[in-house]
Amino acid sequence: VSRRIEVLQAVFDQMAKRRGGTSTATRSGGELWPCYSGLLWCGVLPVSTFCGGHQFNAEGLPFKLGLEPYALHTTYINSMDEGKRHRLREAMLF
């Protein structure tokens with residue numbers, strides 16, 4: 001698995017570095033830039049609304065900021081899928 005992650009990260013890095021130009025655009029308070037030879041616009045998603053499991057479960061980040069999360073990535077926990085589903089049910093997301 002770690003080798004596959006390394007390969008995916010390398011592909012993403014290459015996409016991000018193959019800029020299609022130097023221009024940037026600002027939309028909804030975030031900066032976007034052309035990548036993959038100008039075929040895509042890339043940007044960084046705010047962790048406050050596109051949370052990982054730790055930011056959502058342990059920190060409660062979106063709720064502290066008065067925001068509703070848009071997406072949640074369930075990160076690794078010891079009880080595997082059943083534990084992930086349980087946490088999503090607790091948050092009334094599943």
For [X] and [Y], which heavy atoms make the closest approach, and how far apart are they?
X	Y	value
Pro62	Ser48	CB-O, 3.2 Å
Thr49	Glu68	CG2-O, 3.9 Å
Glu59	Lys64	O-CE, 2.9 Å

Listed by chain and number, what are the side chain to side chain donor-acceptor pair (under 3.5 Å) partners of His86, not counting sequence neighbours? Glu90
From Leu72 CG over to Leu88 CG, what is the distance, rounded to the nearest 0.5 angstrom? 6.0 Å
Other hydrophobic cluster members with Phe50, side-chain heavy atoms of Ile/Leu/Val/Met/Phe/Trp/Tyr under 4.5 Å, chained?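 Leu45, Tyr70, which link up through side-chain heavy atoms under 4.5 Å apart, make up the rest of the cluster.
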